[in-house]
Amino acid sequence: MSKKIKLKIVDTLNKLYNSFEGVDSLIIEVNRTTDTSHGDLYTNVAMKLAKLLKRSPMLIAEEITKNIGAMDSVEKIEIATPGYINFFLTKSNKFNELNRIMSDDLIILKENNKKNVHIEFVSANPTGPLHIGHGRGMVVGDITARFLSYQGHSVNREYYVNDAGRQIDLLLVSVLLSYLNKEDHIFSDEKESDEGLLVTYKGLYIKDVSNIISSVLKDIDSQKVLSLLNEPIDALIKFLKKHKNYLNIRKSLVDVIINDYIKEDLSSVNISFDSWYFESELYKTGLLKQILIDLDNKNLSYKKDGALWFKNTKFGEEKDRVLVKSNGDMTYFATDIAYHAHKFKHYDLLIDIWGADHHDYAARLTNAMKALGYDVDNRLQIHLIQFANLIRGGESISMSTRSGNFYPLQDLVKEIGCDATKFFYLTKKKEQHLEFDVDLAVEKNKNNPIYYIQYAHARIKRIVDDLKQQVIEKEVLNNLNTKNENQLIELINLYQDTVNKSIREIRPDIITNYLYKLSQVFHSYYAETKIISPEIKGEKIVLIKCVDKIILNGFQLLDIEPMDVM
RNA sequence: GCGUCUGUAGCUCAGCUGGAUAGAGCGUUAGCUUCCGAAGCUAAAGGUCAGAAGUUCGAAUCUUCUCAGGCGCUCCA
């Protein structure tokens, strides 16, 4: 509708002010009003013209209004100080939208330029169950993938598994200690001091893991292991790495963590991945080596203090960064460069969903990929997700994996349910810090937004079911005229644009907020108006069915299950 | 110190491609059940949009600076 009006305005301006310079390059805006007393749509074009024409905006507005001619669906046009032109749309135009939605005719705008998109998210180290610290990135990553595919892109969700780094060795040591009933052992060089950080993993799941892979662990010489316990931890790791079955042991361990823990956690929130890429592949295929050679060829690395460094300062950054440590180990940076090179080969667009604490690292990686000749400006997006602070009983819940003192994701899901978990993580845009009130999410009252929306659906469902057998009077939508009815109609008319904005900008919070607002007006309407009355008014049924349709559609887009009965 | 995100009602947040009187929910206060689910509804009070300057006919929105908070500035992951 706003497009039609825009065209009309352009015509009118051409007719009236053709001779003035700059008029044809003017950007015509037709937007929704914030107040229904100003009509439905307005344009500020008269105010913009005032300067070019050197005349008062009110006079220009008047002139445009006189010359614009009649339009379908526009009931009247008004002007208002200091120069707004307000368009009032006809009721029937708005009712058309109700009918359109009832006939399942929502249009999700597809992207013309369809891409092969790779999205990497979660990618937590496979060292234990996922916890609430992973929750937000996981849910946001999943919704990002969904929204991109709604846009028409082909999307591959991948979990990058760090199965070759030091953390896995530490996990192996932890599991081995448990196998030997030495789970409380602390190595002499474990840093326990400052922030209570431990090096080995102490969670309760370690015992279970050691049981599951005991047949593999028994191949390790336990006498030798015990004899190394009083040495620094690296002596033991060195010994393990020399074991002839080291790679197989490591693989069994990682497989257990992924299959028995991480995949379970993911399925508890109905999230799944299309592919799993293992860091160890980068070693096996030689990709990692090749990247280091490439960097060297481009003169982007150098040796210092026994380590290999990337010339990050060349890109305006503060300091250079290590690629290969002096002990020969790769840093995450090096493997990530290789991994991204791999992704660039197979996909048009790469998206990484990372915690906001990685923003510095994001710049570093972007620099490196750019230096290697990849078009990072158009093909690499790193979405940084701000932290979520989970609060229960007025206190923050901590989330460290290593100490074992963490709050598993599955506990949260058990506590508040899969849908509430998702919904709460999606209510804020990603750059906003999120206060996640766990107590609120389990409440069964209007304070809890997800509950409130579900409740609206349940109420409508009940009415519709009750009416199944009854004869309903023919719909005359024109009878809808109360304040709440008008508000619902306005909101319904906004839904199509809301959805498209939400999907285009990858902003699920726009939908969650909309649904909440819609439910609010519905509950108000419900309390005020009796839908089922002796002579049943069909138009009211159409109205609430339409509300329900939108709730169900919004839930579907967000992958949330509606509850018919609360 | 540098980088980055944030700052809107007591609390949690919308609004940000500049537009008309800055909006919700919670909390507070006062009301509402012969009737489709009161797990609800209605209403009131509550604001220097962190501060300052600038651009503009017009700024919560754009620019610059200042202040405050989160996060990051490891051969950590």
Side-chain angles (χ1 to χ4, degrees), chain A residues 27 29 31 33-35 37-38 42-44 46-48 50-51 56-57 80-84 86 123-125 127 162 165-167 170 191 197 199 304-309 316-334 336 355-364 384-387 389 391 401-402 427-437 440 443-449 451-452 454-456 458-467 484 509-510 512-514 516-517 520 523-533 536 540-541 544 565-566:
Chain A
I27 297 166
E29 291 175 69
N31 291 318
T33 57
T34 45
D35 187 332
S37 71
H38 301 134
Y42 76 93
T43 180
N44 56 7
M47 288 178 279
K48 287 187 164 184
K51 205 172 190 181
S56 114
T81 47
Y84 295 103
N86 294 329
S123 296
N125 273 335
T127 54
N162 289 110
R166 180 169 173 81
Q167 292 309 311
L170 293 173
K191 272 187 262 164
L197 279 183
V199 173
K304 193 184 105 189
D305 303 333
L308 186 69
W309 297 72
E317 299 293 323
E318 218 170 292
K319 42 184 109 171
D320 291 337
R321 297 292 169 175
V322 171
L323 293 159
V324 185
K325 302 182 203 173
S326 53
N327 69 359
D329 284 354
M330 296 291 162
T331 59
Y332 270 55
F333 184 35
D336 263 348
D357 52 336
H358 282 63
H359 73 260
D360 192 51
Y361 187 72
R364 198 185 309 171
L384 298 172
I385 314 296
Q386 287 296 332
F387 275 25
N389 187 22
I391 295 171
T401 312
R402 199 167 283 154
T427 51
K428 303 283 179 289
K429 47 187 171 236
K430 64 181 190 302
E431 46 282 286
Q432 182 72 249
H433 297 254
L434 171 64
E435 297 281 319
F436 191 144
D437 188 337
L440 177 63
E443 278 181 32
K444 295 198 166 184
N445 57 47
K446 62 167 298 194
N447 302 0
N448 176 353
Y451 182 84
Y452 194 64
Q454 294 277 23
Y455 187 37
R459 276 179 149 176
I460 296 171
K461 180 92 168 77
R462 168 66 67 87
I463 294 174
V464 172
D465 285 352
D466 284 355
L467 282 172
N484 279 328
D509 58 291
I510 291 177
T512 56
N513 283 327
Y514 172 91
Y516 188 59
K517 173 78 185 160
Q520 221 171 299
H523 284 303
S524 174
Y525 179 53
Y526 179 92
E528 163 203 85
T529 309
K530 185 120 172 77
I531 310 287
I532 300 178
S533 56
I536 299 161
K540 292 181 183 169
I541 313 288
I544 63 162
V565 180
M566 312 293 295

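Note that the structure is predicted; figures quoted are calculated from it, not measured. So that the names make sense, note that chain A is the first sequence line, chain B the second, and so on, each numbered from 1.
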[atom1] spacing across the pair [N] / [M], given as an integer number of angstrom:
N     : M     : atom1 : answer
B:U55 : B:U63 : C1'   : 7 Å
B:U17 : B:U61 : C1'   : 10 Å
B:G3  : B:C62 : C1'   : 22 Å
B:A50 : B:A14 : P     : 13 Å
B:G37 : B:C41 : P     : 15 Å
B:A45 : B:A52 : C1'   : 31 Å
B:U4  : B:U66 : P     : 14 Å
B:G40 : B:G25 : P     : 13 Å

Mind checking who [N] pairs with, Watson-Crick or G-U wobble, both distances under 3.5 Å?
N     : value
B:C71 : B:G3
B:C76 : none
B:U21 : none
B:C49 : none
B:C62 : B:G54
B:C35 : none
B:U42 : B:A30
B:A9  : none

message: Quick test of the criterion, 5.5 Å between centres and less than 30° between planes. Is A:His38 stacked on B:A20 or not?
response: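 Yes, the aromatic ring of A:His38 stacks with the base.
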Assigned glycosidic conformation for B:U33 [threshold 90° from 0]: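 Base orientation relative to the sugar is syn.
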If we only count heavy atoms from C-beta on, is the [X] to [Y] side-chain gap below 4.5 Å?
X        : Y        : value
A:Lys540 : A:Tyr525 : yes
A:Tyr526 : A:Asn484 : no
A:His433 : A:Asn389 : no
A:Phe387 : A:Asp357 : yes

message: I want to check one thing: is the phosphate of B:C36, taken as OP1 and OP2, less than 4.0 Å away from some side-chain N or O of A:Arg462?
response: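 Looking at the OP1 and OP2 atoms of B:C36, neither is under 4.0 Å from any side-chain N or O of A:Arg462.
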message: Check the phosphate of B:C26 against A:Lys446, side-chain N and O only, distance under 4.0 Å to OP1 or OP2. Yes or no?
response: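 Checking A:Lys446 against B:C26: at least one side-chain N or O falls below 4.0 Å of OP1 or OP2.
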Expressed as a whole number of angstroms, how long is the span from [X]:[atom1] to [N]:[atom2]?
X        : N     : atom1 : atom2 : result
A:Lys48  : B:U56 : NZ    : P     : 16 Å
A:Lys530 : B:G37 : NZ    : P     : 8 Å
A:Met47  : B:G18 : CE    : P     : 13 Å
A:Arg459 : B:A38 : CZ    : C1'   : 8 Å
A:Asp320 : B:C73 : CG    : C1'   : 14 Å
A:Gln520 : B:G23 : CD    : C1'   : 11 Å
A:Asn445 : B:G27 : CG    : P     : 8 Å
A:Lys517 : B:G15 : NZ    : P     : 14 Å

query: On RNA chain B, nearest-nucleotide positions of A:Asn327 versus A:Thr427: which is more 5'?
result: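 The residue closer to the strand's 5' end, by nearest nucleotide, is A:Thr427.
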Which of these nucleotides, [options], is closest to any side-chain atom of [X]?
X        : options             : answer
A:Asp466 : B:A77, B:A39, B:C36 : B:C36
A:Asn513 : B:A14, B:G40, B:C36 : B:A14
A:Lys444 : B:G25, B:A39, B:A20 : B:A39
A:Tyr526 : B:A24, B:A38, B:G40 : B:A38
A:Thr34  : B:C57, B:C26, B:A20 : B:A20

Please check: side-chain N/O of [X] versus main-chain N/O of [Y], any donor-acceptor pairing under 3.5 Å?
X        : Y        : answer
A:His523 : A:Tyr452 : yes
A:Thr331 : A:Val322 : yes
A:Asn445 : A:Asn447 : yes

Could you check whether [X] gets within reach of a base, just the sugar-phosphate, or nothing at all, counting any heavy atom under 4.0 Å?
X        : result
A:Val565 : base
A:Tyr42  : base
A:Glu29  : nothing
A:Asp305 : base
A:Ser56  : nothing
A:Ala50  : nothing
A:Asn44  : base
A:Asn86  : base

- request: Specify the closest pair of heavy atoms between A:His358 and A:Leu384, including all atoms of both residues, with the distance to one decimal.
  value: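 Closest heavy-atom pair between A:His358 and A:Leu384: C-CD2, 4.4 Å.
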task: For residues A:Thr43 and A:Glu29, report the shortest heavy-atom separation together with the two atoms involved.
output: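 The answer is OG1-O, 2.8 Å.
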query: Under the side-chain contact (heavy atoms from CB on, under 4.5 Å) test, which residues partner A:Asn327, sequence neighbours left out?
result: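 A:Lys325, A:Asp329.
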message: I'd like to check the salt bridge (Lys or Arg N to Asp or Glu O under 4.0 Å) partners of A:Arg364; sequence neighbours left out, ordered by chain and number.
response: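 A:Arg364 satisfies salt bridge (Lys or Arg N to Asp or Glu O under 4.0 Å) with A:Asp360 once adjacent residues are dropped.
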task: State the OH-OG1 distance between A:Tyr516 and A:Thr427, to the nearest 0.5 angstrom.
output: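 These two atoms lie 11.5 Å from each other.
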- prompt: Using a cut-off of 4.0 Å between protein heavy atoms and nucleotide atoms, how would you tag nucleotides 2-12 of chain B 5' to 3' with B, S and -?
  reply: SBSBS-----S
message: Between B:A77 and A:Tyr361, counting only base atoms on the nucleotide and side-chain atoms on the residue, is there a donor-acceptor pair under 3.5 Å?
response: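 Counting by modelled atom types and ignoring angles, no donor-acceptor contact under 3.5 Å is found here.
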message: Determine whether a donor-acceptor pair (one donor, one acceptor, N or O, separation below 3.5 Å) exists between the side chain of A:Ser524 and the base of B:C41.
response: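 There is none.
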